[in-house]
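Reading through the structure tokens given below for one structure.
Bear in mind that the values here come from a model prediction, so they are computed numbers and not experimental data.
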Amino acid sequence: SFMEQFALLSLCLHALCGLVENISANNTSSSILFHQRDQFLSSTMRAFNLAKHMISSLFTPTFNSTTASDANANANINNSFQNDTVKNILIKKENELNLISDVLTYTSRTIHSSSDDNPTFIQLVLANTNWSDDIISTISNMSLPALSRLHCAGFVINTRHSIAYDISSSSSGNNTTTTTSQLQQIQSNLETTITTQILPLLSSSTFYSNDVTIALWKQIEMNEIKLKEEQQDELIEKNVISIVDGKKESARQIARRQKQIKAAAKAVAKAAKEAASAAKQQDSIMKDGGDDDDDDD
């Protein structure tokens with residue numbers, strides 16, 4: 001069925017996202033983004049746009065698209081949903097399973113992760129105006145999952161950081177594929193997006209509570225105490241091992257010495273017990289002697 005295809009696509013994208021995130025450097029020869037970056041980006045963006053336009057059309061058919069590609073895609077999908085029964089079934093299934101939302105979330109997360117310290121990937125996205133516009137327009141689309149919007153925001157922030165570095169390199173005389181004025185314009189547009197869209201999104205997505213903060217702080221204190229205790233135990237253990245190694249005692253000698261220490265401690269405890277018992281008996285005798293003197297009187 002239609003939703004089963006999205007379920008399979010979601011699983012594939014989840015695996016792809018994990019592959020990207022588990023590679024420390026996505027721009028090295030061992031990375032999928034190095035040998036197959038064009039095919040990788042094209043496939044990821046195709047899935048991204050499909051899920052994005054599906055959700056927008058299903059849940060907000062009157063959504064005012066901010067880009068021409070969004071408007072065309074939404075119009076095509078809306079025209080294919082001439083049968084309201086089919087559309088209602090898809091809405092019901094999506095509300096139950098969130099399969100289309102998962103596809104959008106995993107593609108957004110993959111794009112975000114791929115852009116970390118990877119200027120080559122960012123340049124590929126920026127080279128296609130439709131792709132960069134599609135990503136940026138997702139941030140302000142309230143009908144889309146918050147997590148996917150946050151990942152798109154992360155991509156924009158990574159891009160702004162990369163552009164700032166390119167401008168600095170350009171001013172230093174290094175060759176760049178884009179002129180400094182073009183880079184500055186891109187940077188200005190990204191900074192406008194950050195201040196007008198991303199910061200409000202982060203503010204609305206952040207939940208703050210004094211109770212939660214206090215609970216987290218107490219948990220941190222407990223973990224710190226536990227860590228210090230473990231470090232102290234480890235230090236004691238190392239000192240004991242160092243002493244043992246210095247004396248060059250065998251395991252049998254250590255066991256014999258520990259047995260002697262226990263025996264000595266046991267003997268001391270026994271002697272103390274006997275002394276206490278003798279003192280008690282002496283007190284009892286003296287008390288009895290005092291009573292006899294009173295009787296004689």
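- For the ring-ring contact (aromatic ring centres under 6.0 Å, His included) condition, the pairs that include at least one residue of residues 85-114, sequence neighbours left out, are H14-Y106, H112-H151.
- With no hydrogens or angles considered, a side-chain donor-acceptor pair links R46 and S42 at under 3.5 Å.
- The side-chain hydrogen bond (donor to acceptor under 3.5 Å, both in side chains) check on Q39 picks up nothing, with sequence neighbours excluded.
- Qualifying side-chain hydrogen bond (donor to acceptor under 3.5 Å, both in side chains) partners for N223, counting only residues two or more places apart in sequence or in other chains: Q219.
- Put simply, the side chain of W131 does not reach to within 4.5 Å of the side chain of L126, judged on heavy atoms.
- No side-chain heavy atom of F121 sits under 4.5 Å from any side-chain heavy atom of S113.
- Considering Q187, Q185, E191 as possible partners of N189, the one that fulfils the side chain to side chain donor-acceptor pair (under 3.5 Å) test is Q185.
- In this view, R149 satisfies the side-chain hydrogen bond (donor to acceptor under 3.5 Å, both in side chains) rule with no residue, not counting sequence neighbours.
- Proximity of a side-chain donor or acceptor of E94 to a complementary backbone N or O of L99 within less than 3.5 Å is detected.
- Side-chain N or O atoms of T105 include one that pairs as donor or acceptor with a backbone N or O of S101 at under 3.5 Å.
- The closest side-chain heavy-atom distance from T159 to S115 is not below 4.5 Å.
- Residues forming a side-chain hydrogen bond (donor to acceptor under 3.5 Å, both in side chains) with S181 (at least two apart in sequence, or on another chain): T179.
- Scored by the salt bridge (charged side-chain N to carboxylate O under 4.0 Å, His left out) test, E274 finds no partners at all (sequence neighbours excluded).
- Residues L58 and I89 do not share a hydrophobic cluster, clusters being chains of Ile/Leu/Val/Met/Phe/Trp/Tyr side chains in contact below 4.5 Å.
- In summary, the side chains of K52 and S108 do not present any donor paired with an acceptor at a separation below 3.5 Å, with no hydrogens or angles considered.
- The shortest distance between side-chain heavy atoms of I111 and C152 does not fall below 4.5 Å.
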